[in-house]
Amino acid sequence: MPDFEESTNFGYLTDQIPAELAGLTNMFDKLRKYIDRVTSAVIPDEEFVFIEKAFEVKRLRKRQFLLHQETVCRYMAFVASGALRQYSIDSNGFEHITNFAIEDWWISDRGSLISQTPSRYNIDAVEDSVLLVTTLDKLNVLKEQSLSFLKMAHILDQNHSVASQKRIEASITMTAEEKYRYLMTANPEFIQRFPQNMLASYLGLTPETMSRVRKQVLAK
């Protein structure tokens, strides 16, 4: 099994590297537990050490960017803590949110990452966040050398495909109220973690419609 380069100089997106690194173990424990849960198996210690070396820690303060529109996406990111959004800005300056990510979610512009072409999206932090990030080259090595990671990636791809199909169906067939109710059922955490204007953008609603629908749902 090839080894990734050893490094104690973890990458950070903030200007100052935190003095306390004790939390690193806990962050990687979250990733390990996530892989175990998704694959319904216990990953061997040696295999997880290999996976761990492929990731760096990135800290984002609220409103800091992981990705800027029109730049090439460099990372696939696992959210150890915090909350992020992925969105585009149209020619009129309006934001269109396509994805949210909270703890134990992954976020990236897959198309830009895989093709290494400029992204149509921004990704920034809605809350102070801690991410475990890896690059395309390291992802490819992990899939070749770690059966656990390959199985997890396969399941994630399936889930991503299903979720994308459901979002398309919802945007075409559901009323505004049905969209909000579906969000309450599928991702109730989003309603607690993200402001109403962002939820409206995510659902493809105007803020006014979102406010009206929310009042209707709460009144029933």
Side-chain angles (χ1 to χ4, degrees), residues 11-14 23 26-38 51 54-69 71-89 95-114 119-136 138-139 142 149 152-168 170-171 179-180 182-204:
Y12 290 86
L13 295 186
T14 52
N26 183 53
M27 294 172 201
F28 283 102
D29 280 347
K30 288 185 177 183
L31 177 60
R32 182 170 190 166
K33 290 176 182 177
Y34 175 85
I35 296 173
D36 286 348
R37 184 173 70 252
V38 170
I51 293 173
F55 285 83
E56 291 184 345
V57 176
K58 297 286 186 187
R59 295 178 184 268
L60 290 177
R61 298 191 187 279
K62 184 177 180 179
R63 298 188 182 89
Q64 278 192 303
F65 286 80
L66 179 69
L67 173 66
H68 285 277
Q69 197 168 341
T71 64
V72 175
C73 184
R74 297 174 54 200
Y75 300 116
M76 174 67 76
F78 175 79
V79 184
S81 66
L84 299 94
R85 61 175 178 157
Q86 179 176 338
Y87 63 100
S88 62
I89 300 178
E95 293 181 356
H96 303 276
I97 297 176
T98 56
N99 283 305
F100 290 127
I102 56 177
E103 290 83 4
D104 287 358
W105 284 57
W106 295 83
I107 192 163
S108 177
D109 179 355
R110 295 185 178 207
S112 174
L113 180 69
I114 293 170
S119 175
R120 295 175 50 243
Y121 301 102
N122 298 290
I123 298 176
D124 66 9
V126 179
E127 303 170 0
D128 290 350
S129 302
V130 180
L131 314 176
L132 301 179
V133 302
T134 190
T135 63
L136 179 63
K138 290 180 180 180
L139 276 173
L142 285 174
F149 195 90
M152 181 207 71
H154 178 64
I155 293 171
L156 285 181
D157 287 342
Q158 289 181 323
N159 292 345
H160 178 75
S161 178
V162 171
S164 296
Q165 183 177 351
K166 287 183 177 179
R167 284 212 66 193
I168 293 171
S171 67
K179 289 179 182 179
Y180 187 77
Y182 179 76
L183 181 66
M184 290 176 64
T185 302
N187 300 113
E189 318 89 354
F190 289 179
I191 296 173
Q192 303 299 321
R193 301 286 290 276
F194 297 99
Q196 189 167 304
N197 65 312
M198 291 186 186
L199 294 174
S201 175
Y202 180 70
L203 294 176

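Owing to the predicted nature of the structure, the values given are computational and were not obtained by experimental measurement.
Residue Arg61 comes nearest to Ala125 through the heavy atom pair O-CB, 3.5 Å, listed as atom of the first residue, atom of the second, then distance. Scanning all heavy atoms of the two residues, the minimum distance from Gly82 to Ser129 falls at CA-OG, 3.4 Å.
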Please tabulate, for the side chains in residues 194-202, all donor-acceptor contacts under 3.5 angstrom to protein atoms that are two or more places apart in sequence or on a different chain.
from: Ser201; atom 1: OG; to: Glu95; atom 2: O; distance (Å): 3.2
from: Ser201; atom 1: OG; to: Ile97; atom 2: N; distance (Å): 2.9

> Going through the checks in order, is the side chain to side chain contact (heavy atoms under 4.5 Å, CB included) test met by Leu142 and Ile51?
Replying inline: CA-CA 7 Å; Leu142 285 174; Ile51 293 173; 3.9 Å; yes

> Given His96 and Arg120, is the side chain to side chain contact (heavy atoms under 4.5 Å, CB included) satisfied, shown in steps?
Replying inline: CA-CA 11 Å; His96 303 276; Arg120 295 175 50 243; over 6 Å; no

>> Let's go through Met76 and Leu113 carefully: what are the C-alpha distance in whole Å and the side-chain angles of both, what is the deciding distance for side chain to side chain contact (heavy atoms under 4.5 Å, CB included) to 0.1 Å, and is it a yes or a no?
In response: CA-CA 8 Å; Met76 174 67 76; Leu113 180 69; 4.2 Å; yes

> Given the rule in the side chain to side chain contact (heavy atoms under 4.5 Å, CB included) test, do Phe190 and Ile102 qualify, once you have shown the distances and angles that lead to the verdict?
Replying inline: CA-CA 8 Å; Phe190 289 179; Ile102 56 177; 4.3 Å; yes

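A donor-acceptor distance shorter than 3.5 angstrom exists from the side chain of Asp128 to the backbone of Lys62, with no hydrogens or angles considered. Side-chain atoms of Asn187 never come within 3.5 Å of backbone atoms of Glu189 as a donor-acceptor pair (strictly under, hydrogens ignored). Put simply, the side chain of Arg74 never gets that close to the backbone of Leu67: no donor and acceptor are under 3.5 Å apart. For Thr134 (side chain) and Phe55 (main-chain N/O), no donor-acceptor pair under 3.5 Å exists by modelled atom type.
Rounded to the nearest 0.5 Å, atoms CG (Leu66) and CG (Leu84) are 7.0 Å apart. Note that CG of Leu31 is 9.5 Å distant from CG of Asp36, once rounded to the nearest 0.5 Å. Between atom CG of residue Asn99 and atom OG of residue Ser108 there is a gap of 10.0 Å, rounded to the nearest 0.5 Å. We find the OG-CD distance between Ser119 and Gln69 to be 7.0 Å, quoted to the nearest 0.5 Å. Note that CG of Leu183 and CD1 of Ile191 are 4.5 Å apart. Values are rounded to the nearest 0.5 Å. Taken from OH in Tyr34 to CH2 in Trp105, the straight-line distance is 9.5 Å, to the nearest 0.5 Å.
Residues Trp106 and His160 form no side-chain contact, since every pair of their non-hydrogen atoms from C-beta on lies 4.5 Å or further apart. Side chains of Asn159 and Val38 form no contact here, defined as non-hydrogen atoms less than 4.5 Å apart. With contacts defined as side-chain heavy-atom distances shorter than 4.5 Å, the pair Lys58/Tyr75 qualifies. Inter-residue side-chain proximity for Arg37 and Asp104 is flagged as met; some heavy-atom pair is nearer than 4.5 Å.
Residue Asp124 is tested with Arg63, Gln64, Gln86, Arg85 for a side-chain hydrogen bond (donor to acceptor under 3.5 Å, both in side chains); the sole match is Arg85.
For Gln158, the CD atom sits in a packed shell: over 12 heavy atoms of surrounding residues, nucleotides or ligands are nearer than 6.0 Å. For CZ of Arg167, the number of neighbouring non-hydrogen atoms (other residues, nucleotides, ligands) closer than 6.0 Å is greater than 12.
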